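All remarks here apply to the structure that follows.
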Amino acid sequence: MNTTTSTQSQPGLLIPVIALSLFAVASGYLMSLIPLMLSQYGIEAKYASWLASAFYAGLLVGAGLIEPFVARLGHKNAFVLFLILLAATIIILPSMPIEWVWMTARFIAGIAVAGVFVVVESWLLIGDAESRPKRLGLYMGALYGGSSLGQLGIGFIGIEGLLPYYMIIGLIMMAIACLLFGKGAQPQVQHHNVLNLKQILKLNKASIMGCVVSGLLLGAVYGLMPLELKHRNISTTQIGSLMALIVLGGMAVQPLVSYLSKHLGKTLLMALFCILGVFAIGLTTLSDNTAVLATALVLLGMAAFALYPIAISLGCDTLDESYIVSATQVMLFSYSIGSVCGPVLANTLMNTAEGLMSYLFAILLATAIYMLLASMRQHRPMVAGE
């Protein structure tokens, strides 16, 4: 037995949601900033994918290390600790512009962000099953909405000098202040069960695949899409706006995901969103018009950001509540594996004619086929002797 939490009443959710939103704005700005600022620090563009993979490797490692800190410190203090650690890694970047230092800093930042995710997910998602989709929507909305606003920093604040760092650190400090001085109950500690290896292997395969693919897509989008847009001769201001549109698409699709989950099988739903993503990539090959590209990126965001919440919900559908936190950590671990591999795999295609888009197309199409077959297998009629 380990220790974790039970969810408090709705007023207790305000503090973590506000802190998460501030963190998301800072994180969204930083994720798009890093690949665009490499040249001004004398770091080659080829390191963009490795920096993204280092971050997600930290996320992968952190997914399995966080729970003891939460149990010992409590949710608020653990949240503050991880935000301070993240801020420290950001301060290092402009002061030590060396490739291995940046990769180490981004790895540690990934561990810190994994801590934020586990803390907030366990704070918001454990509790009454009926209100779980609503709380999941609140979590995703705060995360994606904040990330979308953060992307706009590329255009409004820019990528030159130290001002971007001051703004990002300032937002993180505001999140810390919110947690330290905001009023609101945090979850109380209680016992819960941890999934063993045999139970993990019995989790819904499509849910695990959905998390892995979500990582493969989003790791590459966050790590390399700014460079892809730059290669298409998009201005820096427009890059920030277009990246924001991707995340806005992900935010806007969350109510639709909640609605459709009640009427369609979740495996089929993931297949349909992957098909939507394939359609979006197709649009980018048909026209170089900025409006068409913007529309395609919104649709791509809807497809990519829909997979993770659907997969988590699918994986937890048949689980006892006492296993939810453990299952969430397994899902985050699966997502992180994809996120680590995504930027490296995508980087091999960056010098081709279609660049990143060809990678995204291949992943989405293969996943759509897998999910369609899995959905058909789940619903096929039983025959005598089976």
Side-chain angles (χ1 to χ4, degrees), residues 7-33 55 59 66 70 75-87 90 109-110 112-126 131-157 164-187 218 222 240-241 243-255 257-258 301 305-306 308-309 312 328 332:
T7 304
Q8 293 295 305
S9 60
Q10 196 70 20
L13 303 181
L14 184 61
I15 297 302
V17 168
I18 293 174
L20 176 68
S21 299
L22 291 167
F23 154 80
V25 174
S27 181
Y29 185 15
L30 182 66
M31 290 293 280
S32 289
L33 182 68
F55 172 81
L59 196 69
I66 303 307
V70 180
H75 280 68
K76 280 188 178 181
N77 291 337
F79 202 160
V80 169
L81 172 66
F82 295 129
L83 288 175
I84 290 173
L85 180 61
L86 176 61
I90 297 169
V113 171
V116 171
F117 287 162
V118 171
V119 167
V120 179
E121 286 178 9
S122 63
W123 198 329
L124 297 182
L125 302 184
I126 299 300
S131 62
R132 188 178 297 152
K134 183 177 180 180
R135 296 197 303 273
L136 183 61
L138 186 67
Y139 168 65
M140 294 296 179
L143 184 62
Y144 295 162
S147 296
S148 179
L149 287 175
Q151 307 294 337
L152 298 177
I154 297 294
F156 286 107
I157 300 171
Y165 293 104
Y166 294 148
M167 296 299 296
I168 292 167
I169 296 296
L171 287 165
I172 293 175
M173 292 299 106
M174 289 171 63
I176 291 173
C178 176
L179 289 164
L180 291 178
F181 303 111
K183 295 181 179 179
Q186 65 177 327
L218 294 179
Y222 276 125
S241 299
M243 289 297 296
L245 286 178
I246 296 175
V247 187
L248 274 175
M251 181 182 177
V253 81
Q254 297 308 311
V257 167
S258 297
F305 283 97
Y308 188 62
I312 286 182
T328 301
L332 179 60

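Note that the numbering runs from 1 along the sequence shown for the chain. Keep in mind the model is a prediction, meaning the values are calculated, not measured.
- Listed by chain and residue number, F69, L73 satisfy the side chain to side chain contact (heavy atoms under 4.5 Å, CB included) test with L81 (two or more places apart in sequence, or in another chain).
- Annotation for A24 and A142: closest pair CB-O, 3.9 Å, computed over non-hydrogen atoms.
- Among L30, I172, I157, the one residue that satisfies the side-chain contact (heavy atoms from CB on, under 4.5 Å) test with M167 is I157.
- Contacts of Y29 classified as ring pair (Phe, Tyr, Trp, His ring centres under 6.0 Å), with partners at least two apart in sequence or in another chain: none.
- Within the model, atoms CG of L86 and CD1 of I169 stand 7.5 Å from one another, a figure rounded to the nearest 0.5 Å.
- The distance from the CG atom of L245 to the CE atom of M243 is 10.5 Å, given to the nearest 0.5 Å.
- Side-chain atoms of L33 and I168, non-hydrogen and from C-beta on, do get closer than 4.5 Å to each other.
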Check against side chain to side chain contact (heavy atoms under 4.5 Å, CB included), F55 and V113: CA-CA 9 Å; F55 172 81; V113 171; 3.8 Å; yes
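- To the nearest 0.5 angstrom, M173 atom CE is 11.5 Å from L22 atom CG.
- Q254 approaches F305 most closely through the heavy-atom pair NE2-O, 3.5 Å.
- Residues forming a ring pair (Phe, Tyr, Trp, His ring centres under 6.0 Å) with F82 (at least two apart in sequence, or on another chain): none.
- F79 has its side chain within reach of V116: a pair of non-hydrogen atoms, C-beta onward, lies under 4.5 Å apart.
- Here the closest heavy-atom approach between residue A175 and residue L83 is recorded as CB-CD1, 3.9 Å.
- When side chains are defined from C-beta on, L59 counts as touching F117, because their heavy atoms get closer than 4.5 Å.
- Rounding to the nearest 0.5 Å places OG of S27 at 8.0 Å from CD1 of I90.
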